[in-house]
Amino acid sequence: QVQLVESGGGLVQTGGSLTLSCAASGRTPSSYAMGWFRQAPGKERQFVATISYNIKNTYYADWVKCRFTISRDNAKNTVTLQLNSLRPDDTAVYYCAAGRPGTQVVLTTAYGYWGRGTQVTVSS
């Protein structure tokens with residue numbers, strides 16, 4: 001079992017930045033790939049970014065376009081998502097996920113553990 005707790009969400013103006021963190025605990029969280037997803041009201045949960053267990057590989061959704069950066073610190077069992085140049089359409093609940101997705105990194109079903117999410121609201 002792996003437990004995930006997100007933090008760092010909040011209200012920010014268009015063009016602003018936020019740093020989301022995910023604290024992992026439980027059974028060897030450093031052995032899992034970690035991902036970030038988001039879900040806006042009335043929409044499906046959407047892949048944002050993922051990072052491999054060994055930090056060698058990262059992958060982003062096409063729409064991120066270099067605005068967001070995922071990183072992890074396996075010594076501290078934390079994963080961070082840096083959000084820059086935020087826009088109102090980035091407003092969503094952001095979720096941290098852990099799993100062994102293989103090549104299916106964009107699928108929610110590929111991750112077995114989820115946090116409860118942190119709200120990000122971008123005002124225009």
Side-chain angles (χ1 to χ4, degrees):
Q1 290 287 336
V2 176
Q3 293 78 43
L4 304 172
V5 179
E6 304 93 336
S7 62
L11 174 63
V12 65
Q13 292 184 334
T14 296
S17 298
L18 282 173
T19 302
L20 306 184
S21 295
C22 174
S25 61
R27 187 174 178 86
T28 59
S30 61
S31 69
Y32 291 89
M34 300 295 293
W36 284 94
F37 289 74
R38 71 182 189 180
Q39 189 166 17
K43 295 187 177 181
E44 293 187 352
R45 196 165 294 190
Q46 178 186 39
F47 170 75
V48 177
T50 190
I51 186 166
S52 60
Y53 75 98
N54 59 7
I55 316 179
K56 289 184 178 180
N57 299 298
T58 59
Y59 182 72
Y60 296 88
D62 288 343
W63 54 264
V64 169
K65 295 182 180 178
C66 301
R67 297 188 297 125
F68 300 170
T69 303
I70 190 170
S71 60
R72 70 187 293 169
D73 184 335
N74 283 341
K76 297 181 179 179
N77 288 329
T78 57
V79 180
T80 298
L81 185 68
Q82 177 66 41
L83 310 176
N84 296 323
S85 302
L86 284 164
R87 309 182 301 224
D89 61 359
D90 292 318
T91 295
V93 177
Y94 284 71
Y95 295 91
C96 177
R100 297 192 172 101
T103 59
Q104 307 300 314
V105 296
V106 303
L107 300 181
T108 58
T109 52
Y111 297 83
Y113 303 101
W114 292 84
R116 293 187 175 185
T118 185
Q119 175 72 47
V120 171
T121 303
V122 185
S123 64
S124 57

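Small disclaimer: the values here were computed from a predicted structure and weren't measured. Along the sequence shown, residues carry numbers from 1.
Here the side chains of Val48 and Trp63 are in contact, with some heavy-atom distance below 4.5 Å. Put simply, the side chain of Cys96 reaches to within 4.5 Å of the side chain of Trp36, judged on heavy atoms. Counting heavy atoms from C-beta outward, Tyr111 and Phe37 have side chains that approach closer than 4.5 Å. Put simply, the side chain of Arg27 does not reach to within 4.5 Å of the side chain of Tyr113, judged on heavy atoms.
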Query - Verdict with supporting geometry, Asn77 and Ser30, side chain to side chain contact (heavy atoms under 4.5 Å, CB included) - result: CA-CA 6 Å; Asn77 288 329; Ser30 61; 4.1 Å; yes

**Report entry** Test log, rule side chain to side chain contact (heavy atoms under 4.5 Å, CB included), inputs Cys22 and Leu4
**Finding:** CA-CA 6 Å; Cys22 174; Leu4 304 172; 4.0 Å; yes

Query raised in the report: Between Thr108 and Phe47, is a side chain to side chain contact (heavy atoms under 4.5 Å, CB included) present by the stated rule, with each step listed?
Result: CA-CA 8 Å; Thr108 58; Phe47 170 75; over 6 Å; no

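Cluster annotation: Leu18 and Val79 are assigned to the same hydrophobic cluster (Ile/Leu/Val/Met/Phe/Trp/Tyr, side-chain heavy-atom contacts under 4.5 Å, transitive). There is no path of hydrophobic side-chain contacts, each under 4.5 Å, that joins Val106 to Phe68. Criterion: ILVMFWY side-chain heavy atoms under 4.5 Å apart, direct or through other members. Under it, Leu86 and Ile70 are part of a common hydrophobic cluster. Connection of Tyr59 to Leu81 is not established within any shared hydrophobic cluster, with ILVMFWY side chains joined at heavy-atom distances below 4.5 Å, either directly or through further cluster members.
Thr14 contributes a side-chain N or O that, together with a main-chain N or O of Ser123, makes up a donor-acceptor pair within less than 3.5 Å. Thr80 places no side-chain N or O within donor-acceptor distance of the main-chain N or O of Ser21, the cut-off being under 3.5 Å.
Annotation for Asn84 and Ser17: closest pair OD1-OG, 3.0 Å, computed over non-hydrogen atoms. Contact detail for Val93 and Gly117: the closest heavy-atom pair is CG1-CA, 3.8 Å. Scanning both residues, Gly9 and Leu20, for their nearest heavy atoms gives N-CD2, 3.7 Å. Between Tyr32 and Thr28, the shortest heavy-atom distance links the atoms CD1-O, 3.4 Å. Contact detail for Gln3 and Gln1: the closest heavy-atom pair is NE2-CB, 3.6 Å. Nearest heavy-atom pair, Glu6 versus Arg116, reported as atom, atom and distance to 0.1 Å: OE1-N, 3.1 Å.
In this structure Tyr53 satisfies the ring pair (Phe, Tyr, Trp, His ring centres under 6.0 Å) test with no other residue, sequence neighbours excluded.
Put simply, OG1 on Thr50 and CG on Leu107 are 11.0 Å apart, with the number rounded to the nearest 0.5 Å. With rounding to the nearest 0.5 angstrom, the CD1 atom of Ile55 is 11.5 Å from the CE atom of Met34.
Checking Val122, Val120, Thr121 one by one against Leu11, the side chain to side chain contact (heavy atoms under 4.5 Å, CB included) holds for a single residue, Thr121.
Applying the side-chain hydrogen bond (donor to acceptor under 3.5 Å, both in side chains) test to every pair with at least one member in residues 88-106, sequence neighbours left out, gives these pairs: Ser31-Arg100, Arg38-Asp90, Arg38-Tyr94, Arg67-Asp90, Arg87-Asp89.
Side-chain atoms of Gln82 and Thr19 form a donor-acceptor pair, as typed in the model, at a separation below 3.5 Å.
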